[in-house]
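Here is the structure we will look at.
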Amino acid sequence: MTGEFEIIRRHFTRPAHSAVLGVGDDTALLRPSTGSALAVTTDMLLEGRHIFPGANAEQLGHKALAVNLSDLAAMGAEPRWALLSIALPKADERWLKAFSRGFFRLARRFGTELIGGDTTRGPLAISITAIGEVPEKLALRRDAARAGDDVWLSGATGEAALGLSHLKGRVSLRGLARKACLRRLHAPEPRVKLGRALRGLARSAIDVSDGLLADLGHVAEASRVAAELRWEDLPRARAIRECANAALAAQCLLAGGDDYELVFTAPRSKRARIEGLGATRIGAIVRGRPAVRVLDARGRIVPTPRTGFDHFA
Ligand code: ADP
Ligand code: MG
């Protein structure tokens, strides 16, 4: 039977290059770059709540880290280090191997070092803390949107939620649509490069984890402004466009979580440079009570699902 320290040694210990001291002591030791603020975030995945029983271990390793790197991306921060706390029902070598493969593959791509954590027996739970760096004045905060800003979105929203609907039997996806949606749901790609490129261009940003309307709503609240989105301009992935259930597709587009795209605001003067980054302009920030409205081509309000995913609703 593999013990706790054997698990850590075999699966979670890699040489740390940028940390002064990595896994193995009472704490890790970090030397932050001069002039940068540390960006620190943590996210938890629980079996039964965020994790399907029997979920693919390699994808879990990827996703648990990806959702944290996405938060760093949404601040414009460069990922540097991560801590991994994990509760496991048993020491399953194959599972651990696959999990750490998924974790380290993504970590390597974004220059993130695993520097510590905690390992214990229990119902499957994974909590990762990610630490990044960003020049303090350039951080993409939620409270910095201003009336007159454009609203932009990277990629497109809705595929992850549509994939989840498929797994729950609410819709039946096939072929490439199914593949794209399940990939999105299980192996999201954090927009780290884009987040970094938006330093000095965007004023505020947030990643879409709970749904486009809900997450942009957080920006509107924090910045004390309203956001108006143009229904026709919202980018739609093929699976969303071709979905047989149009109401479900619209719900996923506006309120589906787990896509991990970035929605951000920027002054009009930055349009040309942001277009070059591949984002889509989907609306504008206006003065007024904090709200997010979706408008049709004639400026009429499109009825929308009000809220995204709330763990306590
Ligand atoms: P302590 O008792 O001081 O908390 P532990 O015995 O829990 O130390 O852990 C030993 C070392 O292994 C520490 O450096 C800790 O950060 C690291 N560690 C434990 N679990 C993990 C994990 N899942 N991933 C990475 N490092 C881990
Ligand atoms: Mg410990």
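Count residues from 1 along the sequence. All ligand and atom numbering here is 1-based and tracks the order in the structure. The shown structure was predicted, so the numbers you read here are calculated from the model rather than taken from an experiment.
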For this session: Indicate yes or no for a side-chain donor-acceptor contact from Thr119 to the backbone of Ile86 under 3.5 Å, with no hydrogens or angles considered.
Result: no

Exercise. Side chain, backbone, both or neither: which part of Ile86 comes within less than 4.0 Å of ligand 1 when only heavy atoms are counted?
Worked result: side chain

Exercise. Has Arg14 got more than 12 heavy atoms of other residues, nucleotides or ligands less than 6.0 Å from its CZ?
Worked result: yes

Exercise. Which ligand 1 atoms are under 4.0 Å away from a heavy-atom of Val23?
Worked result: 12 (O), 14 (O), 17 (C), 25 (C), 26 (N)

Problem set entry | Atom indices of ligand 1 within 4.0 angstrom of Leu114 heavy atoms, with elements | 24 (N), 25 (C)

Problem set entry | Sidechain-backbone polar pair: Thr13 side chain, Ile8 backbone, donor-acceptor under 3.5 Å | yes

Exercise. Near Asp25, which atoms of ligand 1 are under 4.0 Å from a heavy atom of that residue?
Worked result: 13 (C), 14 (O)

For this session: Could you check which of Gly116, Ala28, Gly22 puts a non-hydrogen atom nearest to atom 25 (C) of ligand 1?
Result: Gly116

Exercise. For ligand 1, which atoms, with element, lie under 4.0 Å from some heavy atom of Asp26?
Worked result: 3 (O)

Exercise. For residues 217-229, which residue pairs qualify under salt bridge (charged side-chain N to carboxylate O under 4.0 Å, His left out), counting only residues two or more places apart or in two chains?
Worked result: Glu228-Arg293

Exercise. Judging by distance only, is a nitrogen or oxygen of Gly117 under 3.5 angstrom from one on ligand 1?
Worked result: yes

If you look only at distance, which donor and acceptor atoms sit under 3.5 Å apart when one is on a side chain in residues 28-39 and the other is two or more places apart or in another chain?
from	atom 1	to	atom 2	distance (Å)
Ser33	OG	Arg80	NH1	3.3
Ser33	OG	Glu133	OE1	2.7
Ser33	OG	Glu133	OE2	3.4

For this session: Classify the ring geometry between Phe52 and His186 as parallel (under 30°), tilted (30 to 60°) or perpendicular (over 60°).
Result: perpendicular

Exercise. Which of the atoms of ligand 1 are close to Phe5, meaning less than 4.0 Å from one of its heavy atoms?
Worked result: 6 (O)

Exercise. Is it true that atom CZ of Arg10 has more than 12 heavy atoms of other residues, nucleotides or ligands lying nearer than 6.0 Å?
Worked result: yes

Exercise. With a cut-off of 4.0 Å, which atoms of ligand 1 are near a heavy atom of Thr119?
Worked result: 19 (C), 20 (N), 21 (C), 22 (C), 23 (N)

Exercise. Quick check: does Leu84 get an N/O under 3.5 Å from an N/O on ligand 1?
Worked result: yes

Exercise. Taking the side chain from Ser154 and the backbone from Leu262, do they hold a donor-acceptor pair closer than 3.5 Å?
Worked result: yes

Exercise. Going by distance only, is there an N or O of Ile8 that falls short of 3.5 Å from an N or O of ligand 1?
Worked result: no

